Amino acid sequence: MPDLNPAQFAAVTIIDGPVLVIAGAGSGKTRVIEYRVLHLVQNKISPESILLLTFTRRAAREMLERAGRHDSRCKNVEGGTFHSFAFKTLKRYGKIIGLSGAFTILDEGDAEEAIHRCCAKLGFFEKKERFPRKDTLRNVISISINKGISIGRVLEKEFPHFLQYTSDIENLREEYVKYKIDKNYLDYDDLLIYLRLLLENEEVRNRLSQKYQFIMVDEYQDTNKLQGDITCLLAERHRNVMVVGDDAQCIYGFRGASHENIMEFPKKFPECKIIKLEENYRSTQSILDLANSVLENVKNKYSKCLVSARKKTGEKPYLLFFKNAHDEAEWVASKIKELRDEGVFLSHQAVLFRSAYISIPLQAELSKRNIPYQVFGGLKFYETAHVKDVIAHLKVITNPRDELAWNRVLMLVEGIGLKTCERILEEIMVYANSDDVIAKVFQTYVAKRDRYAEGLAKLKDALKLGHNKDLNVGEQFEIVLKYYKPILQDKFDDWHLRLNDLETLRQIAMRYESLEQLLADFAIEPPEKGVWMVEPSVPEEEKPLTLSTIHSAKGLEWEVVFIIGLIDGVLPVSFALNDDDEIEEEHRLFYVGITRAKNNLFLSLYHEGIRGGINQFNKISRFVDVPNVLSKLEQKGAPDGKIKSVVTYKQAEKVAPTPIYDKKSLLRKVIEFFK
DNA sequence: CCGCGGAGTGTTTTT
DNA sequence: CACTCCGCGG
């Protein structure tokens, strides 16, 4: 066992019973999980009976890899995100609750398409007034599920202008559920819903409790109600459950996460032991001083006061002002290079930001200087149109009953529009296997010599070829790509860039044994752009720099961290400004960003902003522009040593009158009024 | 009935 | 500014 402080040691060596670990940033939480897994395995507990659930794919990967390094048996520990665990479990036991084993996962885009179809079925688009768009509808339904509140409540809070459609959306939700059950589709939320439903069955619950004797959940503060329920159901019988979290780092409220699960845990498991990890092993005291000041300013107090266990005070974090985004990017890029020349590996540095678009000027600058980097978060490569197009073809080859995939494939054929597509689709759905579809449906349509006959003939040939059982996944992929390439070139001006993506995708596909496996992984654990290119064998000094959204950086650490774009309206993001809870979440997000740094931290912003074609002066983030925070920072480059304050976003009233109603009672009042 | 072009809309974070 | 939706011409 390595050096562990008493609290860590206690957490690592508890074997039985429920445990709640409250772990401040950098307090060695990952180490605790890593060594607890090891400790369990070394105490004759079969690794297969340990279940480690995390919130993001990255965290899951990292945790298991670390534990596996000490004892290869740890690699057999069952681990992953709640969603991937749900997927595996439902594949296996789904039949019990009436799910077929051959379901398809819908990503957000697919789900929107499905909702669109349901809307059409219900005739919502024939209304005179504007009906909400499909992405809004999906969002409303998803929030209501993840937060466990009614459609009406969601609309009140997020889209009050659509309140009139409350009952329509309720009907839509039902229709959408029906549609998915009928077509064997599950969206991300369904994975959790049906897993919980499955666990409510006593027999299944017992069987799974039997299999997973030890449950561990990381980042518990970022789990939502459903995930909390799932955790409790899994552990209800044997009660061997350890949850680890930090309420100050809850940053997924928009997905229904709430620190309530942490608060509720001792109530659900009254016999639980609570262990607090408060000593910070990651950062220098200067960085922690800043972090603590930031936390002080968050309205809801969190008890954490991190103290560095490291001897070093370290350099004061910097706060840098730039004229425009380009200047900022230039400076950051050259500083990164400078640090690398001083011996800090690129892989030990990271640039963090609130939103992906903030990093675009920097990406350009890094490319110009040949600094290798990988980007996490933001625009997802697997959700781009060209990737989805190709995947749809693969889906059709795998499962000829996938209506949404067919829809996408057919709509790409020259001369086929909405109506023709519907007609062909109806016929396709009659048949259960691809051979029949090709022989019966396609044959007749091609024979008709309509304007789309040529396109369909090409598709038919490609599908026929692709369906050959003797081919490996790479070869199947190539057939699809060959068919799709002319469509790609016709559809996109930047097709050569997109073709690159598809080439990378082909290389990923080649590693798979079967298309089914590829498609399942793609839905549940999709590859992140740039990540797969880094082989594990590459020596540390050649690994690239990390660019990441703060959300995706959670749980990770670097020697040097840059947080760029600290602008009011970016962090906090402008959409959060009219809701106190959301501002607070942004505030915690800033805290999470700061606490990723071990030795050096650089905060920066630029003043020249162009938003919606209008030039404006970007103001420093309200989270930074506070005396107790500024005093912890070394400022550089402020014009005239002062920040000219041009109001871009209205600050919340400093002297608020005593409220007569709080939000809840106001809501009640309004509802009363309507009655 | 398809496909193109103009108007209008909302712009984040992740499974 | 990028994407979606709608209306019109072919």
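Below, each value reflects all heavy atoms present in this structure, side chains not excepted, and no hydrogens, waters or symmetry copies. Letters A, B, ... are given to chains in the order of the sequence lines, protein chains preceding strands, and every chain is numbered from 1. From a predicted model like this one, the values you see are computed outputs, not experimental measurements.
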Nearest to the side chain of [X], which nucleotide is it out of [options]?
X      : options                : answer
A:K419 : B:dG10, B:dT12, B:dC2  : B:dC2
A:E414 : C:dC5, B:dG3, B:dT13   : B:dG3
A:T420 : B:dC2, B:dT14, B:dT13  : B:dC2
A:V573 : B:dT14, B:dG10, B:dT12 : B:dT12
A:S552 : C:dT4, B:dT14, B:dT12  : B:dT14

[X] [atom1] - [N] [atom2] separation (whole Å):
X      : N      : atom1 : atom2 : result
A:K491 : C:dC3  : NZ    : P     : 12 Å
A:I360 : C:dC1  : CD1   : C1'   : 12 Å
A:D187 : B:dT14 : CG    : C1'   : 14 Å
A:I416 : B:dG3  : CD1   : C1'   : 14 Å
A:R423 : B:dC1  : CZ    : P     : 7 Å
A:I550 : B:dT14 : CD1   : P     : 11 Å
A:F159 : B:dG10 : CZ    : P     : 10 Å
A:E113 : C:dT4  : CD    : C1'   : 12 Å

| query | Within the stacking criterion (centroid distance below 5.5 Å, interplanar angle below 30°), does A:Y252 stack on B:dT14? | reply |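 Ring-base stacking flag not set for A:Y252 and B:dT14.
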| Of A:C421 and A:L589, whose closest DNA chain B nucleotide lies nearer the 5' terminus? |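 Closer to the 5' end of DNA chain B: A:C421.
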| Which comes earlier along DNA chain B counting from the 5' end, the contact point of A:E586 or that of A:L418, where each point is its nearest nucleotide? |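 It is A:L418, whose closest nucleotide lies nearer the 5' terminus.
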Do [X] side-chain atoms and [Y] backbone N/O form a donor-acceptor pair below 3.5 Å?
X      : Y      : result
A:D568 : A:R622 : yes
A:S84  : A:I524 : no
A:S552 : A:T549 : no

| task | Just call it for A:A356: base, sugar-phosphate, or nothing, with non-hydrogen atoms closer than 4.0 Å on any strand. | result |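 Contact class for A:A356: sugar-phosphate only.
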| request: Name the nucleic acid region contacted by A:E112, choosing base, sugar-phosphate or nothing; use a 4.0 angstrom heavy-atom cut-off, strictly under. | output: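 The residue A:E112 makes no contact with any strand.
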| query | Reckon A:S355 has a side-chain N or O less than 4.0 Å from the OP1 or OP2 of B:dT11? | reply |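 For A:S355, the contact criterion (side-chain N or O under 4.0 Å from OP1 or OP2 of B:dT11) is not met.
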| field | Donor-acceptor pair under 3.5 Å, A:R354 side chain vs B:dT12 base | value |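 Per atom types, the contact qualifies.
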| query | Would A:Y606 and A:H326 count as a close aromatic pair, with their ring centres under 6.0 Å? | reply |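 Between A:H326 and A:Y606, which both carry aromatic rings, the centre distance is not below 6.0 Å.
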| Can a salt bridge be assigned to the pair A:D110 and A:R408 using a cut-off of 4.0 Å between side-chain N and carboxylate O? |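 So A:D110 does not pair with A:R408 through a salt bridge.
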